[in-house]
Amino acid sequence: MSVLEMNNVKKSFGSNNVLKDISIKVEKGEVVSVIGPSGSGKSTLLRCATLLETMDSGTLSYNDTKAAWMEENGIRYTKNLNEVRRHFGLVFQNYNLFPHYSVIKNLMDAPVSVMKRDKDEVRRECMELLSKMGLEDKADAYPCQLSGGQQQRVSIARALAMKPEILFFDEPTSALDPELTGEVLKVIKELAESNMTMVIVTHEMSFARAVSDKVIFMDHGVIVEQGAPEELFGNTRSERTKQFLQNYNNI
């Protein structure tokens, strides 16, 4: 069963057609990397999938249950949007942590206040998550006291605290220097090895190649090519993909 399915999704901002008839499917346990030049629509695709942007047309489903679909007068969203949101977690490039909350409160806030879960149980689980991230000694620290890499690991732990079925990453290392990038990619790789379903928008080509089950190359709002990493990187069919990867390798 597909955890996520998007069909014929279109999105424009004014006269700028950012997504032109995009369809993707993500199976349980699958890691999908989305690559492509800046402005190709990668982040907008993620924002439509996570209900941060309203699609102009198309359908969006989680676990074969429709979250959004086309009707005569435009896009219709299910009344159970809060239920839909529980399917996924989203990790942003700029962390989006609450600066006035300690690390542990950042993690516990949504499970306790949104899901109405037992505070002690949530705290235990959140401490375990911090331990997995190598941050158990930072529970009482505030975001401003952490490095960028530590903040990003906290934001991954915060997303996992909601027990999502699928995690979305929007260029999770773009704000980090190379040394800190490695520690965040290591965490994502470990999640992949534990069969976490993930969609990762990334500029880290070697990482995408190593960790993905499927790679999608986007350009100018369309999917130019998609396939297994060894196909897309090693046996590229599209000239546009070839050119992009060549430019990347020459940087």
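All residue numbers in this chain count up from 1 along the given sequence.
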Just jot down the side chain to side chain contact (heavy atoms under 4.5 Å, CB included) partners of Glu128, sequence neighbours excluded, or say none. none

Using 0.5 Å steps for rounding, measure from the [atom1] atom of [X] to the [atom2] atom of [Y].
X: Ile156; Y: Leu129; atom1: CD1; atom2: CG; result: 11.0 Å
X: Arg76; Y: Lys66; atom1: CZ; atom2: NZ; result: 11.5 Å
X: Leu107; Y: Lys105; atom1: CG; atom2: NZ; result: 12.0 Å
X: Phe217; Y: Arg240; atom1: CZ; atom2: CZ; result: 4.5 Å
X: Ile200; Y: Glu171; atom1: CD1; atom2: CD; result: 12.5 Å
X: Lys242; Y: Arg237; atom1: NZ; atom2: CZ; result: 10.5 Å

In residues 51-62, what donor-acceptor pairs under 3.5 Å come from side-chain atoms, sequence neighbours left out?
{"unit_1": "Glu53", "atom_1": "OE2", "unit_2": "Arg47", "atom_2": "NE", "d": "3.3"}
{"unit_1": "Asp56", "atom_1": "OD2", "unit_2": "Ser12", "atom_2": "N", "d": "2.6"}
{"unit_1": "Tyr62", "atom_1": "OH", "unit_2": "Ala49", "atom_2": "O", "d": "2.6"}

N/O donor-acceptor pair under 3.5 Å between [X] side chain and [Y] backbone:
X: Asp219; Y: Ser40; result: no
X: Ser212; Y: Val215; result: no
X: Gln152; Y: Phe92; result: yes
X: Lys42; Y: Met218; result: no
X: Ser23; Y: Asn8; result: yes
X: Gln226; Y: Lys214; result: no

Between Glu125 and Lys163, is there a side-chain N and carboxylate O pair less than 4.0 Å apart? yes

Between Glu183 and Lys186, is there a side-chain N and carboxylate O pair less than 4.0 Å apart? no

Stepwise side chain to side chain contact (heavy atoms under 4.5 Å, CB included) test for Leu45 and Met6: CA-CA 9 Å; Leu45 177 66; Met6 301 175 80; 3.9 Å; yes

For residues [X] and [Y], report the shortest heavy-atom separation together with the two atoms involved.
X: Pro143; Y: Leu97; answer: CG-CB, 4.0 Å
X: Met205; Y: Phe233; answer: O-CZ, 3.8 Å
X: Val187; Y: Arg153; answer: CG2-CD, 3.8 Å
X: Ser102; Y: Tyr142; answer: N-CE2, 3.4 Å
X: Ile104; Y: Met127; answer: CD1-SD, 3.7 Å
X: Asn17; Y: Lys20; answer: O-CE, 3.3 Å

Treating Ile, Leu, Val, Met, Phe, Trp and Tyr as nodes and any side-chain heavy-atom pair under 4.5 angstrom as an edge, say whether Ile188 and Leu160 lie in one connected cluster. yes

Salt bridge (charged side-chain N to carboxylate O under 4.0 Å, His left out) assessment of Glu121 paired with Arg124: CA-CA 5 Å; Glu121 187 188 5; Arg124 257 195 321 277; 5.5 Å; no

Take Phe169 and Leu191 through the test side chain to side chain contact (heavy atoms under 4.5 Å, CB included) and record every step on the way to the result. CA-CA 12 Å; Phe169 292 87; Leu191 288 172; 4.2 Å; yes

